[in-house]
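Have a look at the structure below, then the notes.
Every chain is numbered from 1 and lettered A, B, ... according to where its sequence line falls, protein lines coming before strand lines.
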Amino acid sequence: MSEITVTLPDGSERTLPEGATAADLAASIGKRLAKDALVAVVDGEERDLAVPLPDGAAVSIVTPDSPAGLFTLRHSTAHVLAQAVLELYPGATFAIGPPIEHGFYYDFELPAGQTFSDDDLRRIEERMRAIVAADQPFIRGEVSAAEGVELFKDHPYKREIIERVDASEISGDGSVSYYRNSDSFVDLCRGPHVPSTGRLGHFALQKVAGAYWRGDHTRPMLQRIYGTAWASKKDLEEHLHRLAEAEKRDHRRLAAELDLVSWPEELGPGLAVWHPKGVLVRKGMEDYSRERHATGGYQFVYSPHIAKSVLWETSGHLDFYKDGMYPPMEMDGATYYPKPMNCPFHVMVYRSSQRSYRDLPIRLFELGTVYRYELSGAVHGLMRSRGFTQDDSHIFCTIEQVPEELASLLDFVLSVLRAFGFDEFQAKLSTRPPEKSVGEDALWDRATEGLRSALERAGLSYVVDEGGGAFYGPKIDIDVKDAIGRAWQLSTLQLDFNLPERFQIEYIGADGERHRPVMIHRALFGSVERFFGVLLEHFAGAFPAWLAPVQVRILPVADTHLDHAHSVAARLTAAGFRVDVVDASDQLGKRIRNAKVQKLPYVLVVGDDDVANGTLGVNPRGGEVERGVPLDDFVARLAAEVAERR
RNA sequence: GCCCGAGUAGCUCAGUCGGCAGAGCGAUUCACUCGUAAUGAAUAGGUCAGGAGUUCGAUUCUCCUCUCGGGCUCCA
């Protein structure tokens with residue numbers, strides 16, 4: 001046989017000489033493809049372009065336009081980074097360098113505690129560009145594990161990987177593959193890679209960070225270099241632009257600019273004070289949440305911030321969550337702990353009287369502030385702090401009620417999130433962990449199916465995280481996408497078979513017997529503070545009218561119009577709006593600019609015409625100026641805008 | 001907690017190869033009273049994050065601490 005036939009993704013067939021490679025196939029299809037091709041998928045497996053094609057294979061050629069192509073591009077760029085570092089820093093060794101979202105990283109260890117500086121990054125990037133310019137081919141080779149250990153004898157982390165691969169089933173035939181793209185550089189790698197370094201180029205090194213070997217804090221801390229890489233210069237520039245945009249939206253920056261929240265050094269890491277304007281927004285969020293819960297069948301409860309150790313022993317937190325708890329306080333011969341969660345208190349409320357099946361479901365709700373001992377290096381503005389307020393709900397119901405309850409709960413959650421301007425959701429269903437967990441299989445299956453059908457009824461797209469559930473039950477987490485496409489994990493719905501058991505809570509069934517209820521934990525915002533931070537970044541500080549701390553600013557053209565401005569303000573205040581007046585000490589243009597910088601929804605200008613006619617000059621955020629608007633019309637318009645939320 | 005980096009006026013940042021600390025914005029005062037994104041002038045404002053060391057002299061060099069940022073880990 002001197003020819004082979006392969007099938008392309010569109011179903012067409014191509015005949016090629018025996019021994020032809022994927023690169024030859026690409027060339028036979030077109031010049032453009034030959035130039036763009038990075039790797040091939042042969043019978044479902046990603047391979048180098050240089051691999052000879054077997055007869056009858058299904059082949060697709062991967063270009064940088066596809067996720068797989070971009071992945072390979074980034075992976076190969078990581079290799080070039082490693083090559084540059086090893087060439088520039090004698091004695092350096094390297095660990096792993098995978099592609100990640102938006103780019104890649106590589107972990108290194110330099111001799112004797114040396115570290116990379118920003119200047120080093122520039123030097124390394126220069127060397128990488130030289131390697132790209134040299135267009136070195138990535139050439140694959142295979143050796144036995146023993147030979148691999150010899151090949152990488154100077155690189156202990158690589159040896160550890162080989163030994164691990166060899167010991168596992170991954171290796172199959174006991175061999176490992178490597179790529180050599182110059183005499184001086186070989187990297188252990190499963191591949192595939194782009195044909196040569198000349199295919200790369202649209203990348204930038206970004207930063208140096210510490211990372212434990214294998215993510216284990218007992219292992220050495222390596223130096224990780226992060227980079228970003230894209231298929232085109234345009235994509236790279238767009239990504240860098242997005243990063244700059246995200247920085248402009250940083251909630252810590254906006255919180256300072258808009259006078260919402262601050263973090264005085266005197267308070268300690270992760271502890272904030274809320275300024276009056278921040279509170280107006282937060283109160284708007286909380287009021288809306290309370291209103292929805294009140295009409296949604298929830299009963300409100302309060303609980304203290306500390307409780308005796310016996311509560312946490314019974315709940316199991318002292319066994320399973322102690323590292324996340326604040327240190328204990330000794331008082332009056334007892335030990336108290338600040339609460340890391342609200343759940344046990346809500347169980348206490350449930351248990352305060354005998355419950356009948358007729359009472360269920362019981363839905364308890366609290367804006368409960370909890371304290372968690374986060375690592376000091378982990379705190380981040382409002383997004384991650386050591387004290388935060390959960391919009392926490394615990395629903396007690398029968399196992400039979402679970403599916404219905406979950407479905408309506410999910411609708412409730414999505415409806416509230418939509419009111420805040422979020423439209424794109426992604427859910428994650430986490431199932432029973434393989435190791436320790438409590439509850440019978442049948443219970444887990446039933447609960448997991450309940451969650452799944454709730455997701456499907458809500459028409460929500462979801463991924464399954466097998467074994468990702470808590471030890472006490474399966475859960476759904478909901479990510480929302482913000483205005484610039486970032487995903488934030490906010491809401492969580494968790495089923496719990498454990499706490500009802502631990503606290504021995506019961507209800508009397510229709511049969512007159514005692515039964516154990518199921519608990520559903522649910523946080524909707526997740527954390528009020530964090531949700532506030534996400535909203536701040538989502539809206540880039542331009543809160544919708546219903547949330548804006550100051551909804552309307554009134555500017556008299558001159559101080560002769562000041563009285564009129566105040567009477568307009570009084571009218572709007574009486575209608576329930578948040579309003580202020582800025583007198584004519586500054587020029588009108590300056591005052592308008594200030595209001596715009598503060599991102600106020602409406603600026604009203606009143607001058608001679610308006611005093612005479614009872615009208616306003618309306619300057620809406622992001623809109624055209626309107627002159628001569630009757631005051632009544634504006635009141636109606638703002639009322640309508642506030643009523644529709646978002 | 002660990003690795004790297006940073007901390008100068010309320011904010012954004014210059015600066016000092018070791019010799020009396022600077023700008024813009026903001027604040028205050030005065031003048032201007034103005035119709036849609038920055039009027040002018042003047043004034044105030046600093047233990048150069050805190051502590052120790054080296055030095056005739058430290059904001060600058062060294063060490064420690066605190067706080068912040070980027071990561072690791074974890075998660076709302």
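- Side chains of A:Glu641 and A:Tyr602: a donor-acceptor N/O pair is present below 3.5 angstrom, by distance only.
- Listed nucleotides B:C72, B:A76, B:G35 differ in distance to A:Glu374; the shortest reach to its side chain belongs to B:A76.
- Nucleotide B:C68: paired with B:G5 (Watson-Crick or G-U wobble, both distances less than 3.5 Å).
- Comparing B:A58 with B:C48, their P atoms sit 12 Å apart, to the nearest whole Å.
- Atom C1' of nucleotide B:A76 and atom CZ of A:Arg372 are separated by 6 Å, given to the nearest angstrom.
- Separation of the P atoms belonging to B:G15 and B:G71 is 27 Å when rounded to the nearest angstrom.
- In terms of modelled atom types and a separation under 3.5 Å, the side chain of A:Asp610 and the main chain of A:Gly607 share a donor-acceptor contact.
- Nucleic acid contact class of A:Lys590 (heavy atoms, under 4.0 Å, all strands): sugar-phosphate only.
- Nucleotide B:U43 forms a Watson-Crick or G-U wobble pair with B:A27, both donor-acceptor distances falling under 3.5 Å.
- A:Leu222 comes within 4.0 angstrom of no nucleic acid atom, judged by non-hydrogen atoms across all strands.
- In this structure, A:Arg224 atom CZ and B:G71 atom P are separated by 11 Å, rounded to whole Å.
- Using a 4.0 Å heavy-atom distance criterion, A:Ser385 is classed as a base contact.
- Contact annotation: A:Arg591 side-chain N/O to B:A37 OP1/OP2 distance is not under 4.0 Å.
- Counting any heavy atom pair closer than 4.0 Å across all strands shown, A:Thr560 reaches no nucleic acid atom.
- Residue A:Ala523 is out of contact with every strand shown, counting any heavy-atom pair closer than 4.0 Å.
- Mapping A:Gly215 and A:Met383 onto RNA chain B via the closest heavy atom, the residue that lands nearer the 5' end is A:Gly215.
- B:G7 and B:U59: their P atoms are spaced 16 Å apart (whole Å).
- Using atom P as the reference point in both B:A44 and B:U39, the two lie 23 Å apart (nearest Å).
- Heavy-atom contacts from other residues, nucleotides or ligands closer than 6.0 Å to NZ of A:Lys481 number 12 or fewer.
- Between A:Glu626 and A:Arg637 there is a salt bridge, since a side-chain N of the basic residue sits under 4.0 Å from a carboxylate O of the acidic one.
- Counting distance only, with no hydrogens placed and no angle test, the side-chain atoms of A:Arg252 and the base atoms of B:C68 include no donor-acceptor pair under 3.5 Å.
- B:C64 sits 12 Å from B:C2 when the P atoms are compared, rounded to a whole Å.
- In this structure, A:Gly589 reaches the sugar-phosphate backbone alone: every heavy-atom distance under 4.0 Å involves primed, P, OP1 or OP2 atoms, never a base.
- As a whole-Å value, the separation of A:Gln390 CD from B:C75 P is 14 Å.
- Side chain of A:Arg74 to backbone of A:Glu101: no donor-acceptor contact under 3.5 angstrom is found.
- A cation-pi geometry, defined here as NZ or CZ lying under 6.0 Å from the six-membered ring centre and within 45° of its normal, does not hold between A:Arg252 and A:Trp263.
- The interatomic distance linking A:Asp250 (CG) with B:U12 (P) rounds to 12 Å, in whole Å.
- In this structure, A:Lys596 atom NZ and B:U36 atom C1' are separated by 8 Å, rounded to whole Å.
- At the phosphate of B:U39, OP1 or OP2 sits under 4.0 Å from a side-chain N or O atom of A:Gln587.
- Across all strands shown, B:U60 forms no Watson-Crick or G-U wobble pair with both distances under 3.5 Å.
- Base pairing of B:U55: no nucleotide in any strand meets the Watson-Crick or G-U wobble criterion (both distances under 3.5 Å).
- Of the candidate nucleotides B:A76, B:G1, B:U36, B:A76 has the atom nearest to the side chain of A:Arg530.
- Across the strands present, B:A14 finds no partner; the criterion is a Watson-Crick or G-U wobble pair with both atom distances under 3.5 angstrom.
- Under 4.0 angstrom from either OP1 or OP2 of B:C72 there lies at least one side-chain N or O belonging to A:Tyr226.
- Taking the C1' atoms as reference points, B:U65 lies 42 Å from B:U29, given to the whole Å.
- Among the atoms of the strands shown, only primed sugar atoms or phosphate atoms (P, OP1, OP2) are found under 4.0 Å from some heavy atom of A:Gln489.
- Not one side-chain nitrogen or oxygen of A:Arg219 sits closer than 4.0 Å to the OP1 or OP2 atom of B:C3.
- Of the possible polar contacts, none joining the A:Asp392 side chain to the A:Glu366 backbone as a donor-acceptor pair under 3.5 Å is found.
- In this structure, A:His380 reaches the sugar-phosphate backbone alone: every heavy-atom distance under 4.0 Å involves primed, P, OP1 or OP2 atoms, never a base.
- Side-chain atoms of A:Asn619 do not come within 3.5 Å of backbone N or O of A:Glu624 as any donor-acceptor pair.
- Looking at heavy-atom distances under 4.0 Å, A:Gly270 makes contact with sugar-phosphate atoms alone, never a base.
- At B:G1, one or more side-chain N or O atoms of A:Ser376 fall inside 4.0 Å of OP1 or OP2 (strictly under the cut-off).
- On a pure distance criterion of 3.5 Å, no polar donor-acceptor pair joins the side chain of A:Tyr212 and the base of B:G71.
- The CG atom of A:Leu555 sits 12 Å away from the P atom of B:U36 (whole-angstrom rounding).
- If you measure from atom CD of A:Glu109 to atom P of B:C2, you get 18 Å, rounded to the nearest angstrom.
- Between A:Met221 and A:Arg214, the residue anchored closer to the 5' end of RNA chain B is A:Met221, taking for each the nucleotide with the nearest heavy atom.
- Nucleotide B:G1 holds its C1' atom 14 Å from the CG atom of A:Asp216, rounded to whole Å.
- Residue contacts shown for A:Pro269 are limited to sugar-phosphate atoms, with no base heavy atom under 4.0 Å away.
- Side chain of A:Gln494, nearest nucleotide from B:A76, B:G1, B:G35: B:A76.
- Nucleic acid contact class of A:Asp608 (heavy atoms, under 4.0 Å, all strands): base.
- Comparing atom distances between the A:Ala584 side chain and each of B:U36, B:A37, B:C34 picks out B:C34 as nearest.
- Looking at A:Arg386, its side chain never comes within 3.5 Å of a backbone N or O of A:Arg372 through a donor-acceptor pair.
- Residue contacts for A:Gly526: at a heavy-atom cut-off of 4.0 Å it reaches the sugar-phosphate backbone alone, with no base atom in range.
- With a cut-off of 3.5 Å on both pairing distances, B:G35 has no Watson-Crick or G-U wobble partner at all.
- Nearest approach of A:Gly97 to A:His75, heavy atoms of both residues: O-CD2, 3.8 Å.
- Rounded to whole Å, the separation between the C1' atoms of B:C30 and B:U47 comes to 33 Å.
- Heavy atoms of A:Asp609 sit under 4.0 angstrom from at least one base atom.
- Contact of A:Asp610 with B:G35 (side chain to base): a donor-acceptor pair of N or O atoms is detected under 3.5 Å.
- The gap from the C1' atom of B:U60 to that of B:A21 amounts to 12 Å, rounded to the nearest Å.
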